A.B. asks: 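Below you'll find the structure I mean.
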Amino acid sequence: MRINWFSPVPPSSSAAALQTAALLPALARRAEVTLWVHDSRWSPALERDAHVRHYVPGALRWAEINAADMTVY
């Protein structure tokens, strides 16, 4: 299964970023995960479990996004 996951990620200390980082290893054991991040900075540790892609609102890579089985915002 291929999953797109749109969320803040560390180094942001928001609850959503921390929950994403905590959930990611378990999710990655069961699916191919692409993290879509708005911030241009992210923890390199995230790349152990997921592909990390930076996105700019209004310029999304729709072909790549639509190729996944599921997208979570």
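Note that the coordinates shown come from a computational prediction; the quantities given were computed from them, not determined experimentally.
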A.B. asks: Between W5 and T34, do the side chains contain an N or O donor and an N or O acceptor separated by less than 3.5 Å?
C.D. replies: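 Judged by distance alone, the side chains do not pair up.
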
A.B. asks: Any idea which heavy atoms bring A17 and P10 closest together, and the distance?
C.D. replies: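 So the minimum-distance heavy-atom pair works out to O-CD, 3.5 Å.
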
A.B. asks: Any chance CD of E47 has more than 12 other-residue heavy atoms, nucleotides or ligands included, within less than 6.0 Å?
C.D. replies: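 Above 12, so yes.
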
A.B. asks: Return the CG to OG distance between D39 and S7, rounded to the nearest 0.5 Å.
C.D. replies: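 It is 11.5 Å, given to the nearest 0.5 Å.
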
A.B. asks: Distance check, rounded to the nearest 0.5 Å: R61 atom CZ versus R53 atom CZ?
C.D. replies: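 Separation between the atoms: 6.5 Å.
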
A.B. asks: Any heavy-atom pair between the side chains of I65 and L60 that's under 4.5 Å?
C.D. replies: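 Answer yes - side chains close enough.
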
A.B. asks: Tell me which one of L35, V72, V37 satisfies side chain to side chain contact (heavy atoms under 4.5 Å, CB included) with T20.
C.D. replies: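 Testing each of L35, V72, V37 against T20, the sole residue satisfying side chain to side chain contact (heavy atoms under 4.5 Å, CB included) is L35.
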
A.B. asks: What is the distance from atom CE of M1 to atom CZ of R30, rounded to the nearest 0.5 Å?
C.D. replies: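 If we round to the nearest 0.5 Å, M1:CE and R30:CZ are 13.0 Å apart.
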
A.B. asks: Mind checking whether Y55 and F6 have parallel, tilted or perpendicular rings, split at 30° and 60°?
C.D. replies: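 Taking F6 first and then Y55, their aromatic rings stand perpendicular (interplane angle over 60°).
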
A.B. asks: What's the spacing between H51 NE2 and L46 CG if we round to 0.5 Å?
C.D. replies: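 Interatomic distance, H51 NE2 to L46 CG, rounded to 0.5 Å: 13.0 Å.
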
A.B. asks: Under the side chain to side chain contact (heavy atoms under 4.5 Å, CB included) criterion, do E64 and W36 qualify, and how do the steps go?
C.D. replies: CA-CA 11 Å; E64 189 174 351; W36 291 88; 3.8 Å; yes

A.B. asks: Does A67 have any side chain to side chain contact (heavy atoms under 4.5 Å, CB included) partners at least two apart in sequence or in another chain, and if so, which?
C.D. replies: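 For A67 the side chain to side chain contact (heavy atoms under 4.5 Å, CB included) partners, ignoring immediate neighbours, are R2.
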
A.B. asks: Membership question, hydrophobic clusters at under 4.5 Å side-chain separation (ILVMFWY): are L18 and L23 in the same one?
C.D. replies: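 No, L23 and L18 fall in different hydrophobic clusters.
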
A.B. asks: Once rounded to the nearest 0.5 Å, what's the spacing between atom OG of S43 and atom CZ of R48?
C.D. replies: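 CZ of R48 is found 7.5 Å from OG of S43.
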
A.B. asks: Would H38 and H54 count as a side chain to side chain contact (heavy atoms under 4.5 Å, CB included) here? Give the steps.
C.D. replies: CA-CA 6 Å; H38 181 255; H54 177 255; 5.7 Å; no

A.B. asks: Run the numbers on L27 and D49 for side chain to side chain contact (heavy atoms under 4.5 Å, CB included), then give the verdict.
C.D. replies: CA-CA 9 Å; L27 186 60; D49 296 310; over 6 Å; no

